[in-house]
Amino acid sequence: AASEMKVFPASEVKRHSSENDCWIIVDGLIFNVTDFLDDHPGGKKILVREGGKDASKKFKMFHSQKVLTKYSGTLQIGVIEGSPAHKALAQGNSATAASKTKFKHITPAHGNIVYTPFGDQVPWGDPSWYQGNNSPYYTESHIKFRERVRNFMEKEIEPYVQQWDESYSFPKDFYKKFYKAGLLPGIVGPPWDEKLSGVPAPEGGFDAFHELILIDELSRCGSGGVMWAMYAGISIGLPPILHFGSDELKRRIAPPCLRGDKFICLAITEPWAGSDVANIQTTAERKGDHFIVNGAKKWITNGIWSDYFTVAVRTGGRGANGISMLLLEKSMPGITCRHMKCMGMWPSGTTYITFEDVKVPVSNIIGKEGEGFRQIMYNFNHERWSLVCQSNRLARVCFEEAFKYAMKRKTFGKRLMDHQVIRFKLAEMARLIDSTHAWTENITYQLQTMKKNEQNKKLGGAIALLKVQSSKILELCAREAAQIFGGASYVRGGVGEKIERIYREVRGYAIPGGSEEILLDFAIRAAARQSKL
């Protein structure tokens with residue numbers, strides 16, 4: 001606890017510099033690492049050489065901030081007198097907490113919002129309005145919501161990302177924390193249903209920009225796999241029920257999913273049909289008051305732990321008009337789920353599902369028979385927009401990590417930042433990320449001001465192109481960040497941990513939701529149809 005921390009002058013730390021009595025300083029915090037020497041991954045002698053000294057610069061070359069958080073409870077013994085950590089302690093703050101710059105926002109008498117700086121203030125490390133620049137989009141409600149989401153992410157997600165990633169798993173009890181924080185219902189987008197979720201909407205309501213903030217801030221964790229674990233299943237699996245399901249399905253399925261008690265996923269893709277949705281082969285044959293479902297679904301996110309499956313099935317003839325949507329439940333005999341190990345997205349529960357003579361009540365049909373393809377298309381813009389928000393923030397994470405590393409890492413006697421070629425790489429990343437975010441905000445404004453049918457009519461091509469742009473920029477930023485980090489980005493864990501992970505997750509944004517090639521073609525075909533030339 002902060003009140004139990006002792007304050008030492010730097011001269012006292014210098015006395016503890018041997019293998020039998022070893023203290024080090026990092027960011028004004030004092031750690032007694034004597035009993036940790038044998039466990040140090042880099043070897044005992046490297047740590048002993050830093051005994052009695054301020055090891056902040058060397059620490060930051062090889063470790064991320066979360067390492068301090070991990071060991072603060074067992075190894076930290078105090079703070080350096082007169083350091084920022086000491087001042088924070090004197091003010092009643094935890095000396096072990098990561099230093100985050102927070103600024104109070106104000107509303108002048110004329111009613112316009114002043115966007116004061118928020119976050120770490122790494123140049124281009126956050127969207128423009130975080131840097132104190134003006135914006136036509138964000139209100140006081142958005143400002144408050146942003147801080148709320150960031151605090152939750154830094155406390156409940158970021159410290160555990162590597163653990164979840166390496167274990168290929170995600171804790172189910174997280175969803176209850178997510179719900180109790182009042183954030184889980186926001187995953188399905190506006191409107192926020194207080195009756196079904198049992199949670200009040202954010203102050204001032206919940207709109208498309210609240211959802212953008214939610215996705216963007218959560219994606220700061222630097223893991224597409226964690227994002228998909230907590231986001232993908234419900235965000236695309238539940239909307240068909242909310243938009244097209246019967247009142248009975250909504251009452252029975254939505255509340256437990258929105259409250260973190262049950263889990264749902266969308267099952268469309270098959271081993272033989274990905275972007276070619278109209279040619280799915282899973283069948284649902286009507287037998288009295290039941291459907292008998294047979295087939296297979298592949299690459300189904302969250303499927304391994306889902307209780308419900310929103311499944312595209314063929315109830316009619318060939319093509320789009322023969323597709324319907326059914327709700328299948330894990331308790332139904334004949335459903336088998338197998339966890340798939342993929343290149344990336346390890347904690348997201350990617351699943352191969354087989355259906356063998358699964359008996360499904362006719363009452364579990366979502367909407368009308370034969371309208372499944374329309375239902376799938378109805379939510380595609382929102383799904384792709386969500387992937388854009390994630391992808392561009394992950395690109396920004398690559399930039400931010402690379403920028404900070406370039407400021408402290410030295411090669412050939414000078415910082416990486418002092419090499420022109422490194423500055424060029426960072427400049428390319430920054431211009432692409434910020435321009436893509438500006439386009440994303442523009443599309444978000446259209447989503448906020450248009451009704452759903454107008455969105456689907458006007459925005460399909462633009463969102464398709466934006467998704468391609470965001471995944472291509474993510475690929476470039478992951479590559480360039482890896483080049484800046486060098487060998488540190490090739491190791492799972494350590495200072496380059498986020499870059500290594502994001503690099504192998506790039507294909508997860510370039511292919512799902514429509515591959516880059518399919519979406520590029522779709523956008524131009526749609527434009528040609530609408531053109532009056």
Student: Looking only at atom types and distance, does a side-chain atom of Arg384 sit under 3.5 Å from a main-chain N or O of Gly513, one as donor and one as acceptor?
Tutor: yes

Student: Please report the shortest heavy-atom distance between Gln469 and Ser435, naming the atom on each side.
Tutor: NE2-OG, 4.4 Å

Student: To check you understand the geometry: which heavy-atom pair defines the closest contact between Phe399 and Ile433, and what is its length?
Tutor: CB-CD1, 3.7 Å

Student: Within 45° of the six-membered ring axis of Trp346 and under 6.0 Å from that ring's centre, is NZ or CZ of Arg504 located there?
Tutor: yes

Student: Which residues satisfy the salt bridge (Lys or Arg N to Asp or Glu O under 4.0 Å) test with Glu369, sequence neighbours excluded?
Tutor: none

Student: Fit a plane to each ring of Tyr138 and Trp129, take the angle between them on a 0 to 90° scale, and name the class: parallel (under 30°), tilted (30 to 60°) or perpendicular (over 60°).
Tutor: parallel

Student: With distance as the sole test, does Asn151 use its side chain to make a donor-acceptor pair with the main-chain N or O of Glu147 at under 3.5 Å?
Tutor: yes

Student: Using a strict 4.0 Å threshold on nitrogen-to-oxygen distance, state whether Glu156 and Lys180 make a salt bridge.
Tutor: no

Student: How far apart are the closest heavy atoms of Cys337 and Gly303, and which atoms are they?
Tutor: SG-O, 3.9 Å

Student: Less than 4.0 Å between a side-chain N and a carboxylate O, is that true for Glu516 and Lys467?
Tutor: no

Student: Quick one: does any side-chain atom of Asp307 pair with a main-chain N or O of Lys330 as donor and acceptor, under 3.5 Å?
Tutor: no

Student: Can you tell me if Trp164 uses its side chain to pair, donor with acceptor, with the backbone of Gly225 under 3.5 Å?
Tutor: no

Student: Identify the heavy atoms of Ser141 and Gly205 that sit nearest to each other, and give their distance.
Tutor: OG-O, 4.0 Å

Student: At what distance, to the nearest 0.5 angstrom, does CD of Gln281 lie from NZ of Lys297?
Tutor: 9.5 Å

Student: Are the side chain of Glu505 and the backbone of Ser223 linked by a donor-acceptor contact shorter than 3.5 Å?
Tutor: no

Student: For atom CD of Glu248, decide whether the heavy atoms of other residues, nucleotides or ligands shown that lie under 6.0 angstrom number more than 12.
Tutor: yes

Student: To the nearest 0.5 angstrom, please state how far the CZ atom of Arg252 sits from the OH atom of Tyr308.
Tutor: 6.0 Å

Student: Is Arg492 reaching over with its side chain to a backbone N or O of Glu500, donor-acceptor style, under 3.5 angstrom?
Tutor: no

Student: Heavy-atom distance under 4.5 Å between the side chains of Met227 and Leu394, does that happen here?
Tutor: no

Student: Quick one: which residue pairs count as a side-chain hydrogen bond (donor to acceptor under 3.5 Å, both in side chains) with a foot in residues 256-265, not counting sequence neighbours?
Tutor: Lys176-Asp261

Student: State, without any angle test, whether Asp434 and His437 hold a side-chain donor-acceptor pair at a distance under 3.5 Å.
Tutor: no

Student: Would you say the side-chain atoms of Tyr137 pair up with the backbone N or O of Phe209, donor to acceptor, closer than 3.5 Å?
Tutor: no

Student: Show the nearest heavy-atom pair for residues Leu249 and Ile366, with the distance to one decimal.
Tutor: CD1-CG1, 4.2 Å

Student: Under 4.0 Å between a side-chain nitrogen and a carboxylate oxygen: does that hold for Lys451 and Glu454?
Tutor: no

Student: Taking the side chain as every heavy atom from C-beta outward, state whether Trp299 and Pro512 have any pair of such atoms under 4.5 Å apart.
Tutor: no

Student: Please step through side-chain hydrogen bond (donor to acceptor under 3.5 Å, both in side chains) for the pair Thr139 and His142, ending with a clear verdict.
Tutor: CA-CA 5 Å; Thr139 67; His142 297 125; 3.2 Å; yes

Student: Give a yes-or-no answer on whether the side chains of Glu270 and Thr282 include a donor-acceptor pair shorter than 3.5 Å.
Tutor: yes

Student: Give me the ring orientation class for Phe174 and Phe170: parallel if the planes are under 30° apart, tilted from 30 to 60°, perpendicular past 60°.
Tutor: perpendicular

Student: So, Ser386 and Gln390: side-chain donor and acceptor under 3.5 Å apart, yes or no?
Tutor: yes

Student: Rounded to the nearest 0.5 Å, what separation is found between the CD atom of Glu428 and the CD1 atom of Ile473?
Tutor: 10.5 Å

Student: Roughly how far apart are Glu211 CD and His382 NE2, rounded to 0.5 Å?
Tutor: 3.5 Å

Student: What's the shortest heavy-atom distance between Leu266 and Pro240, and which atoms?
Tutor: CD1-CG, 4.5 Å

Student: Under 6.0 Å from the six-membered ring centre of Tyr378 and within 45° of its axis: does the NZ or CZ of Lys452 meet both?
Tutor: yes

Student: Please examine the side chains of Trp305 and Thr351, heavy atoms only from C-beta on, and report whether any two atoms are closer than 4.5 Å.
Tutor: no

